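Here is the structure we will look at, set down as structure tokens.
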There are 2 protein chains.
Amino acid sequence: MVVYELSEEQANKVFRALADATRRDIVRRTLRAEVSVSELAASYDMSFAAVQKHVAALEAAGLVSKIARGRERIVRGQPDTIRHAQELLSSLEEIWRQRISRLDDFLADGDK
Amino acid sequence: MVVYELSEEQANKVFRALADATRRDIVRRTLRAEVSVSELAASYDMSFAAVQKHVAALEAAGLVSKIARGRERIVRGQPDTIRHAQELLSSLEEIWRQRISRLDDFLADGDK
DNA sequence: CTCATATACAACCATTTGGTTGTAGGTTAC
DNA sequence: GTAACCTACAACCAAATGGTTGTATATGAG
């Protein structure tokens, strides 16, 4: 199974995009169902343009995509990008796991 | 099993901290083995103070911890915080999975 | 004791971020 | 056709970020 890893630049954008509660909420809502930008904007205590910028940041990170439907822009969460971020974190955890594994080996060696 | 979830503020800090290639590299290195701040600083093309700031950002996020050892400060990666971030991403993916599951139900219903 | 090393931290600066308002262009409803 | 709606985007601003240099302090080596 080929997994397209995040480039450093993409990883920066993805984590940066996730580092904001409003944007995480947008991701949640757009994963749950398709939502227009104006529907999103109605939910937050900020201007339409501000929400637009959040959506743009998420789109640049690949965490959501937008498609035109009439005069609306429908926003969809992109689970694949979430998964890529998960994989990056898993690779970090794996580094630690391997270190513990080496430590176990060392201790086992000490028993001999 | 009780899992201490990240607060919104903590989540912001964790993802913000991960949104930088140098900081991700510091996390990798300190998960692999304990490293002093000056050892870290030697690896990157920036001032000692700059690396210090990166470590401080990671420490504030709970992604590393520092302990004094003589005149050095030893930096350790904190796998638990990585795991919390993974769980947050998993909860996002789960939202999507449930949506797909509802869609499947709907399609199955259509067959009746 | 003295010197070199390791760190902490303040002050400063350029750039980025996250918000605002204002203007303009499509699309839908009536 | 016209008014209302949805979006795009530019210009602007304050605050945060990510770097710098400089100074001070604590520890270890010889």
Side-chain angles (χ1 to χ4, degrees), chain A residues 7-30 33-77 85, chain B residues 7-30 33-77 85:
Chain A
S7 71
E8 295 287 280
E9 247 330 293
Q10 274 298 307
N12 290 353
K13 284 185 195 168
V14 170
F15 287 120
R16 187 91 200 60
L18 289 170
D20 179 281
T22 300
R23 286 194 293 257
R24 285 193 299 275
D25 195 60
I26 291 175
V27 170
R28 274 185 217 102
R29 289 189 54 189
T30 57
E34 297 183 346
V35 195
S36 72
V37 178
S38 55
E39 281 172 323
L40 287 171
S43 310
Y44 307 107
D45 186 26
M46 65 183 75
S47 68
F48 179 86
V51 175
Q52 240 181 345
K53 282 196 187 181
H54 283 308
V55 173
L58 290 167
E59 191 178 21
L63 285 163
V64 306
S65 65
K66 268 190 307 186
I67 57 163
R69 183 140 78 204
R71 61 186 163 185
E72 299 187 346
R73 297 296 177 276
I74 304 299
V75 186
R76 298 180 183 170
Chain B
S7 71
E8 294 287 281
E9 248 329 294
Q10 275 297 309
N12 290 353
K13 285 185 195 168
V14 170
F15 288 121
R16 189 83 198 66
L18 289 170
D20 178 281
T22 301
R23 286 195 293 259
R24 285 194 299 275
D25 194 60
I26 291 174
V27 170
R28 274 185 216 103
R29 290 189 52 188
T30 57
E34 297 183 345
V35 196
S36 72
V37 177
S38 54
E39 282 171 324
L40 287 171
S43 310
Y44 308 107
D45 187 25
M46 64 184 75
S47 68
F48 179 85
V51 175
Q52 240 182 345
K53 282 197 188 181
H54 283 309
V55 172
L58 290 167
E59 191 178 20
L63 284 163
V64 306
S65 64
K66 268 191 306 187
I67 56 161
R69 183 140 77 205
R71 62 185 162 187
E72 299 188 336
R73 296 295 178 276
I74 303 299
V75 185
R76 298 179 184 170

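Keep in mind that what you see is a predicted model, and the values were worked out from it rather than measured.
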**Request:** Hey, could you give me the OG/CZ distance between Ser65(A) and Arg73(A), rounded to the nearest 0.5 Å?
**Result:** 13.0 Å
Rounding to an integer number of Å, can you tell me how far [X] [atom1] sits from [N] [atom2]?
X	N	atom1	atom2	answer
Lys66(A)	dT7(D)	NZ	C1'	8 Å
Asp20(B)	dA16(D)	CG	C1'	15 Å
Ile67(A)	dT7(D)	CD1	P	12 Å
His54(B)	dT17(D)	NE2	P	13 Å

**Contact nearer the 5' end of DNA chain C, comparing Glu72(A) with Thr22(A)** =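 Taking each residue's closest nucleotide, the earlier one in sequence belongs to Thr22(A).
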**First encountered from the 5' end of DNA chain C, between Gln52(B) and Asp45(A)** =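 Its nearest nucleotide being more 5', the pick is Gln52(B).
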Taking side chain as C-beta onward, heavy atoms only, is [X] less than 4.5 Å from [Y]?
X	Y	result
Arg16(A)	Lys13(A)	no
Asn12(A)	Arg24(B)	yes
Thr22(B)	Met46(B)	yes
Arg76(B)	Ile67(B)	yes
Phe15(A)	Val14(B)	no

**Item:** Most 5' of Arg71(A) and Lys53(A) on DNA chain D, judged by nearest nucleotide
**Value:** Arg71(A)
**Phosphate OP1/OP2 of dT7(D): any Ser38(A) side-chain N/O under 4.0 Å** = yes
**Asked** OP1 or OP2 of dA8(D) less than 4.0 angstrom from a side-chain nitrogen or oxygen of Arg73(A), does that happen here?
**Response** yes
**Prompt:** Base, sugar-phosphate alone, or nothing: which one does Ala57(B) contact when heavy atoms must sit under 4.0 Å apart?
**Reply:** nothing
**Prompt:** Counting any heavy atom closer than 4.0 Å, what does Ala49(A) reach on the DNA or RNA strands: base, sugar-phosphate only, or nothing?
**Reply:**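 Answer is base: heavy atoms of Ala49(A) come under 4.0 Å of a base.
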**Prompt:** So which nucleotide from dG19(D), dG18(D), dT7(D) ends up closest to the side chain of Arg23(B)?
**Reply:** dG18(D)
**Complete:** DNA chain C: first to last nucleotide in contact with chain A (atom under 4.0 angstrom from a heavy atom), 5' to 3', is dT17(C) to dT28(C)
Expected list for residues 35-43 of chain B: side-chain donor-acceptor pairs under 3.5 angstrom, two or more places apart:
{"from": "Ser36(B)", "atom 1": "OG", "to": "Ser38(B)", "atom 2": "OG", "distance (Å)": "3.3"}
{"from": "Ser36(B)", "atom 1": "OG", "to": "Glu39(B)", "atom 2": "N", "distance (Å)": "3.1"}
{"from": "Ser36(B)", "atom 1": "OG", "to": "Glu39(B)", "atom 2": "OE1", "distance (Å)": "3.3"}
{"from": "Glu39(B)", "atom 1": "OE1", "to": "Ser36(B)", "atom 2": "N", "distance (Å)": "2.9"}
{"from": "Ser43(B)", "atom 1": "OG", "to": "Arg29(B)", "atom 2": "NH1", "distance (Å)": "2.4"}
{"from": "Ser43(B)", "atom 1": "OG", "to": "Glu39(B)", "atom 2": "O", "distance (Å)": "3.4"}
{"from": "Ser43(B)", "atom 1": "OG", "to": "Leu40(B)", "atom 2": "O", "distance (Å)": "3.4"}

